[in-house]
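Written below as structure tokens is the structure these notes are about.
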Amino acid sequence: MFFLLFKKIALSLHCQRQEAMKYSELERQLKKIGCYSTGGSINGHPEWYSPVTDKYFPMSHHQHQEVASGTLRKIKRDAGLK
């Protein structure tokens, strides 16, 4: 019983730490630091470039959808936001 309660508390704390963000908000943050769309595509997704990290990375067309936590982490890392 104690284990299940501990697991539930740990899961709720983990979920609170993850930030939720829509693609439109992420795009605003990227543009603010100088990232831009190259006009190309990577596996069917728009290709963006970050002058901060000198990397190309894929984004999404889905402006009003939330970004999955792993995807958000990778895009922020590639763009130099974190």
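Closest approach of V52 and I33 over heavy atoms only: CG2-O, 3.9 Å. For the pair E66 and A20, the tightest heavy-atom approach, listed with the atom from each and the gap, is OE1-CB, 3.6 Å. Scanning both residues, H62 and Y23, for their nearest heavy atoms gives O-CD1, 3.0 Å. Of all the heavy atoms in P46 and H61, the pair that sits closest is CG-CE1, 3.4 Å.
In this structure, the separation between CD on Q65 and OG on S24 is 11.0 Å, given to the nearest 0.5 Å. To the nearest 0.5 angstrom, Q29 atom CD is 11.5 Å from I75 atom CD1. Remark: F57 CZ to K74 NZ distance equals 9.5 Å, nearest 0.5 Å. In this structure, CD in Q63 is found 9.5 Å from CG in L26, a value given to the nearest 0.5 Å. Between the CG atom in L30 and the NZ atom in K76 there is a gap of 9.5 Å [rounded to 0.5 Å].
At least one side-chain heavy atom of E25 sits under 4.5 Å from a side-chain heavy atom of R28.
The backbone N or O of G80 lies less than 3.5 Å from no partner atom in the side chain of T53, so there is not a single donor-acceptor pair.
Listed by chain and residue number, nothing satisfies the side-chain hydrogen bond (donor to acceptor under 3.5 Å, both in side chains) test with K55 (two or more places apart in sequence, or in another chain). Scanning for side-chain hydrogen bond (donor to acceptor under 3.5 Å, both in side chains) contacts around K22 gives an empty result, with sequence neighbours left out. A search for ring pair (Phe, Tyr, Trp, His ring centres under 6.0 Å) contacts involving Y49 returns Y36, Y56, not counting sequence neighbours.
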